[in-house]
Amino acid sequence: MSLPTINPTKTNAWKKLQDHYGTFGNIHMKDLFAQDKERANKFTVKWDDFYVDFSKNRITEQTLNYLLELAEEVKLKDAIKSQFSGEIINETEGRAVLHTALRAPKDANFKVEGVNVMPEIYAVKQKIETFTNQVVNGELKGFTGKAFTDVVNIGIGGSDLGPAMVVDALQYYKNHLTTHFVSNIDGDHVNEVIKKLNPETTLFVIVSKTFTTQETLSNANTLKAWFLKSATEAAIAKHFVAVSTNIQNVKAFGIDENNIFPMWDWVGGRFSLWSAVGLTISLAVGYKNFDSLLLGANKMDEHFKNEDFKTNIPVVLALISVWYNNFFKAESEAIIPYCQYLNQFATYLQQGIMESNGKSIDRNGNPIDYQTGTIIWGEPGTNSQHAFFQLIHQGTKLIPADFIGFTQSLHGNQDHQDKLMSNFFAQTEALLNGKTEAEVIAEGTASSIIPFKIFDGNKPTNTIFINKLTPESLGKLIAMYEHKIFVQGIIWNIFSYDQFGVELGKQLASKILQEFNNSAVNNHDSSTQNLLNHYKRMS
Ligand SMILES: O=P(O)(O)OC[C@H]1O[C@H](O)[C@H](O)[C@@H](O)[C@@H]1O
């Protein structure tokens, strides 16, 4: 069975939403709160250690009902079932999409083409656990008999962003191993990492689903060559491991068969941190914590699969996002975690959201005449307040924002935590209410300055409030966004799990690379040609 192919703009719910948007006009959220004392309670979902308040949005109960009708009309329920039952929903690549199986319990039953994949998943998990323990305990040693002190993750895109974000987010839980990430083809990246390494005590984890990615292979070769300046070929088996679906290419690179951690083509790169792609996470925080991350994601999967749409966190967040994207024509969404540990969270989500839903052809193969993927950006609070919040508060663009916060800190300094959280609450309140002319005047502001100090307010935010940053709650949070991506892709009638848009630039780059050896370059547009010739002269 394939995914439904319903044009969302042709549904009854869409028409209702359009009319509703027309009458919604300039309703201010401040008034909606004044009219209904129960508003916050009505638009809050409490689930496990999550408290999600979406009341500070430009919605009424009617809006939500129409959005829920839209979800029904595009057959979201069937689509969720299709995904979890291993159907080939990544139709353009002919693959199932089963990252959810990676975090399911052992006795779950996820089938790909009739075969239960759980035994394979658990065999690899076992391998990750054993290897992690041996490295962390110092049982496995380098070529001079010393225990490992450093781990270098070599990968890019989904083979870098997920592990890098999670290792950073969970650094409070880290063990003694120092982790490094090399991704960019820019030689400065690998060069700077090399400066910090001792070949005797460094473990290299090469992560590439395809094992054909230029950046990863070049960086891996550079690191191998550097390593071989101090060690023999035989030492490679002790220091290099790989995560990939392409066993043949990994072996050709010179990696011992025992050092290969397999993954599967039914795991998309940007959804792969739950597989052996997360090996560096497991090494950095220990297998138990890695497993808790998976458990958290599994809990969110169950919530997503079973919860009524009205109180289903990923579904509600996705629907509200569609409301802004397609009716208010908001172009971007900001992700603002009030948590320094989530410093890389927005960057990580950029790939997940923009690579998945940045599409303009629908599931029937026709061009789309409505908006799809949102632009994602963000930085942790409070830093972002001192950088770009001016534009969110008083600029001309509507930027819905997710505020992510934790009731309890990990550092235990209540003074810092209270100051951080007072900002967290103050910002969403200020974005909601703004400041009226009367209030500005009452402050005794000089009359010529009054207009500059007025805040319209009415700026939407979701508050995603979690008890504490733990491996488990982080797993839930990441999975929440994964499901939001899926829901939006279904509504927009696009394929969220391919990424053909990244190919063209790659192909041209390899053509240009070959042309560097030619004396004259003459088959490009005049701009590119001039630039290439300038580079050839000057480099
Ligand atoms: O893991 P790899 O096969 O090396 O792929 C790494 C990355 O390559 C491409 O650019 C894709 O767009 C990404 O989705 C992928 O994560």
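First listed ligand is number 1; within each ligand, the first listed atom is number 1. This structure is a prediction, so every number in the text was calculated from the model and none was measured.
Of the N or O atoms in Ser159, one or more lie within a sub-3.5 Å distance of an N or O in ligand 1. The N/O atoms of Thr213, backbone and side chain alike, include one that comes under 3.5 Å of an N/O atom in ligand 1.
Of the protein's non-hydrogen atoms, Glu355 OE2, 3.8 Å is the one closest to atom 11 (C) of ligand 1. The closest protein non-hydrogen atom to atom 8 (O) of ligand 1 is Lys506 NZ, 4.2 Å. Looking from atom 3 (O) of ligand 1 to the surrounding protein, the closest heavy atom is Thr210 OG1, 2.6 Å. Protein heavy atom in closest approach to atom 16 (O) of ligand 1: Gly158 N, 2.7 Å. When hydrogens are left out, the protein atom nearest atom 7 (C) of ligand 1 is Ile156 O, 3.8 Å; that is the closest non-hydrogen contact.
Using a 4.0 Å heavy-atom cutoff, Glu215 is absent from the residues neighbouring ligand 1.
Separation of the Phe227 and Phe143 ring centroids falls under the 6.0 Å cut-off. You'll find the ring centres of Trp323 and Phe328 inside the 6.0 Å limit. For His189 and Phe181, the ring centers are positioned 6.0 Å apart or more. The aromatic ring centres of Phe131 and Tyr287 sit 6.0 Å or more apart.
Applying the 4.0 Å criterion to heavy atoms of Gln351 picks out, from ligand 1, the atoms 13 (C), 14 (O), 16 (O). Close approach of ligand 1 to Gly157 is summarised as follows: ligand atoms under 4.0 Å from at least one heavy atom of the residue are 16 (O).
Cation-pi geometry between Lys536 and Phe516 is not met at under 6.0 angstrom from the ring centre and within 45 degrees of the axis. Both cation-pi conditions hold for Lys77 and Phe309: the charged atom is under 6.0 angstrom from the six-membered ring centre and inside a 45 degree cone around its axis.
Counting heavy atoms under 4.0 Å from ligand 1, residue Gln499 touches it through the side chain alone. By the criterion of a heavy-atom distance under 4.0 Å, the side chain of Val502, and not its backbone, is placed next to ligand 1.
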Worked verdict on Lys476 versus Glu472 for salt bridge (Lys or Arg N to Asp or Glu O under 4.0 Å): CA-CA 6 Å; Lys476 290 175 191 164; Glu472 189 181 315; 3.3 Å; yes

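Remark: Glu257 engages Lys251 in a salt bridge, criterion side-chain N to carboxylate O under 4.0 Å.
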